[in-house]
Protein chains: 2
Amino acid sequence: MNHPQEAPVRQRRKEARPAELLAAALDHFVERGFAATRLEDVAAQAGVSKGTLYLYFGSKETLFKAVIEQGILPVMAQGEAMLAQHDGDARSLLQGLLLRWWELIGATRLGGIVKLMISEAGNFPDVAQYYYEHVIVRGRNLLRQTLERGIATGEFRDLDIESAIDVIFAPMLMLAIWRHSLAPCGCGKQDPETYLRTHLDLLLNGLENK
Amino acid sequence: MNHPQEAPVRQRRKEARPAELLAAALDHFVERGFAATRLEDVAAQAGVSKGTLYLYFGSKETLFKAVIEQGILPVMAQGEAMLAQHDGDARSLLQGLLLRWWELIGATRLGGIVKLMISEAGNFPDVAQYYYEHVIVRGRNLLRQTLERGIATGEFRDLDIESAIDVIFAPMLMLAIWRHSLAPCGCGKQDPETYLRTHLDLLLNGLENK
DNA sequence: ACCATTACTGACTGACCAGTCAGTAATGTA
DNA sequence: TACATTACTGACTGGTCAGTCAGTAATGGT
């Protein structure tokens, strides 16, 4: 019955709301999917009412698109910068790119976007198109340049580059996906470090020009 | 205005309904997700009314579970039989297992179950648990035995088997997932054959004991 | 031909939720 | 202290859909 000085019931924090709402929305979309996510829950997790959510995002679909775009774009530039400034051998560049992707995206909450995009692509073809052009194409470019460099210097064997890009990245994506799908259901999985080490081991041996 | 002898408006085909409903449900669940799938649409695609669907499946969730179980179980035994009767080297056994999986599951409508299970695991932990125990564990056993055999004969290098299993299968899963997520949105992808060839090439070279 | 059985139908309902908006209170200003 | 502005609230509405069930018609038996 007593109310020892609580924080004011209502707070006005116009600046912080969008980011907090996006973070809450990412959690819910990744965990439940788009259709099963209730905007009231998203708003509650962000500490506001549903009405406030609609002050910042015009619709559920708008919010969904914002989650994808705002989540991924800030990180894309980093990888590109990394490629540009690297001057070692292709082997260590490839290794660095994959490990850095895991560190910055796969291992963080952003990794959930991979699962989210895969799950909802059918319902939002325009968002899928956007994601493909602004994320996948750019990401594939990084790997393509790395492989081309390695083949040019004779470090790597001469294989089909376009399919190799996808084959090489698939285990990274599956590791991120696993963390947001079956792993939380108590389905066993060893630690990411061993997985990454094995992937790099197999991969670099497989690429090696003997 | 004329009605040239049409098929009877109502047909009674008790035997065929469940399979037809399951096939239609798989299509819709894979394409739209569980929550966004309307049972009226599923029933319509199977050529019956919604009421009929409820004669065979007690609820939307029951239907979902049946799609997963009925879809995958019939195929699991095949892989196990293949392992048992194989007598060549581990190299060709591994290659055979992967190609056969693609042929029987990945390339068919059943490949959609992979995406479906990943998307909905969070909403159906009990189905995820079931899938893990009856599909993933059994599938991993096949690869584990294959790798162990190859390491024992000296064909393969001695690497961490548990993580290698997941790393090796990840590109197969991603290929199946892609077909049911971004690929239908017009996002470019080369043909599966090249992809599989590159994967096997990289993989067998990476495993090789030099 | 009539009846009994049962596979099948589709209008209905109750619950749920995206999206709205009139009202409330926090903040800045004078 | 009074007023203006506006960030925020939450009860409400309208539409959608899972699940129901009284009724319909296809089939097989006599």
Side-chain angles (χ1 to χ4, degrees), chain A residues 3 5-29 31-68 116 120 122-124 127, chain B residues 3 5-29 31-68 116 120 122-124 127:
Chain A
H3 298 245
Q5 71 285 1
E6 288 162 347
V9 199
R10 266 194 202 182
Q11 299 183 6
R12 291 160 64 111
R13 302 189 302 116
K14 188 178 161 65
E15 321 306 331
R17 299 302 188 202
E20 291 170 358
L21 284 163
L22 285 172
L26 175 59
D27 281 354
H28 282 258
F29 283 148
E31 197 175 331
R32 304 274 185 221
F34 177 83
T37 290
R38 293 154 26 85
L39 291 193
E40 197 140 13
D41 293 344
V42 172
Q45 185 176 319
V48 296
S49 71
K50 191 165 51 153
T52 299
L53 190 156
Y54 276 91
L55 292 177
Y56 297 101
F57 301 96
S59 70
K60 195 180 187 183
E61 191 166 337
T62 303
L63 177 64
F64 177 75
K65 291 177 180 171
V67 164
I68 302 286
L116 182 55
E120 303 295 345
N123 294 320
F124 302 96
V127 184
Chain B
H3 299 246
Q5 69 286 358
E6 288 161 348
V9 200
R10 264 193 202 182
Q11 300 184 5
R12 292 161 61 109
R13 301 189 303 115
K14 188 177 161 63
E15 321 306 329
R17 298 301 188 202
E20 290 170 0
L21 285 163
L22 285 173
L26 174 59
D27 280 354
H28 281 259
F29 283 150
E31 198 174 332
R32 304 275 184 219
F34 178 82
T37 290
R38 294 155 24 87
L39 291 193
E40 197 139 15
D41 292 344
V42 171
Q45 184 177 320
V48 296
S49 72
K50 191 164 55 152
T52 299
L53 190 156
Y54 276 91
L55 292 178
Y56 296 102
F57 301 96
S59 70
K60 195 181 187 183
E61 190 165 338
T62 304
L63 177 64
F64 177 76
K65 291 178 181 172
V67 164
I68 301 286
L116 182 55
E120 303 294 345
N123 293 319
F124 302 97
V127 184

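Small disclaimer: the values here were computed from a predicted structure and weren't measured. Just so it is clear: chains get the letters A, B, ... in the order the sequence lines come, proteins before strands, and each one is counted from 1.
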* Specify the separation, in whole Å, of atom CD of B:Gln11 and atom P of D:dA25. => 16 Å

* Interatomic distance where CZ belongs to A:Arg32 and P belongs to C:dC16 [whole Å] -> 15 Å

* Would you classify A:Thr62 as touching base, sugar-phosphate or nothing, given that sugar-phosphate means primed atoms plus P, OP1 and OP2, and contacts are heavy atoms under 4.0 Å? => nothing

* For A:Tyr56 and D:dC8, what is the distance between atoms OH and P respectively, to the nearest whole Å? -> 4 Å

* To do: Just call it for B:Phe57: base, sugar-phosphate, or nothing, with non-hydrogen atoms closer than 4.0 Å on any strand.
  => nothing

* **Rounded distance in Å - CG (A:Leu55) to P (D:dG10)** => 13 Å

* Asked: Taking it one step at a time, do B:Asn123 and B:Phe34 satisfy side-chain contact (heavy atoms from CB on, under 4.5 Å)?
  -> CA-CA 9 Å; B:Asn123 293 319; B:Phe34 178 82; 6.0 Å; no

* Side-chain donor or acceptor of B:Arg10 under 3.5 Å from a matching atom on the base of C:dT9? -> no

Report all side-chain donor-acceptor pairs from residues 61-68 of chain B shorter than 3.5 Å, counting only partners two or more places apart or in another chain.
| unit_1 | atom_1 | unit_2 | atom_2 | d |
| --- | --- | --- | --- | --- |
| B:Thr62 | OG1 | B:Ser59 | OG | 2.9 |
| B:Lys65 | NZ | B:Asp126 | OD2 | 3.0 |

* How long is the line joining NZ of A:Lys14 and P of C:dA26, in whole Å? -> 18 Å

* **Contacts of type side-chain contact (heavy atoms from CB on, under 4.5 Å), residue B:Ala19, not counting sequence neighbours** => none

Below 3.5 Å is the cut-off: list the nitrogen or oxygen pairs between protein and nucleotides 19-21 of chain C, distance only.
| unit_1 | atom_1 | unit_2 | atom_2 | d |
| --- | --- | --- | --- | --- |
| C:dG19 | OP2 | A:Tyr54 | OH | 2.8 |
| C:dG19 | OP2 | A:Lys60 | N | 2.8 |
| C:dG19 | O5' | A:Tyr54 | OH | 3.4 |
| C:dG19 | N7 | A:Lys50 | NZ | 3.0 |
| C:dG19 | O6 | A:Lys50 | NZ | 2.8 |

* To do: Could you tell me whether the phosphate oxygens of C:dC8, OP1 or OP2, come under 4.0 Å of any side-chain nitrogen or oxygen in B:Arg12?
  => no

* **Value in whole Å for how far the C1' atom of C:dA26 lies from CZ of A:Arg17** => 12 Å

* To do: Not counting sequence neighbours, which residues clear side-chain contact (heavy atoms from CB on, under 4.5 Å) with A:Ala35? List them please.
  => B:Ala35, B:Ala36

* Residues forming a salt bridge (Lys or Arg N to Asp or Glu O under 4.0 Å) with A:Arg38, sequence neighbours excluded -> A:Asp41

* Asked: How close or far is atom P of C:dC17 from atom CZ of A:Phe34, stated in whole angstroms?
  -> 14 Å

* To do: Tell me whether the OP1 or OP2 atom of C:dA7 has a side-chain N or O from B:Thr52 closer than 4.0 Å.
  => no

* Atom CZ of A:Arg38 to atom C1' of D:dT16: distance rounded to whole Å? -> 16 Å

* To do: Using the test side-chain contact (heavy atoms from CB on, under 4.5 Å), find all partners of B:Ala23 that sit at least two apart in sequence or belong to another chain.
  => B:Arg109

* **Residue pair B:Glu40 / B:Gln45, side-chain heavy-atom distance below 4.5 Å** => no

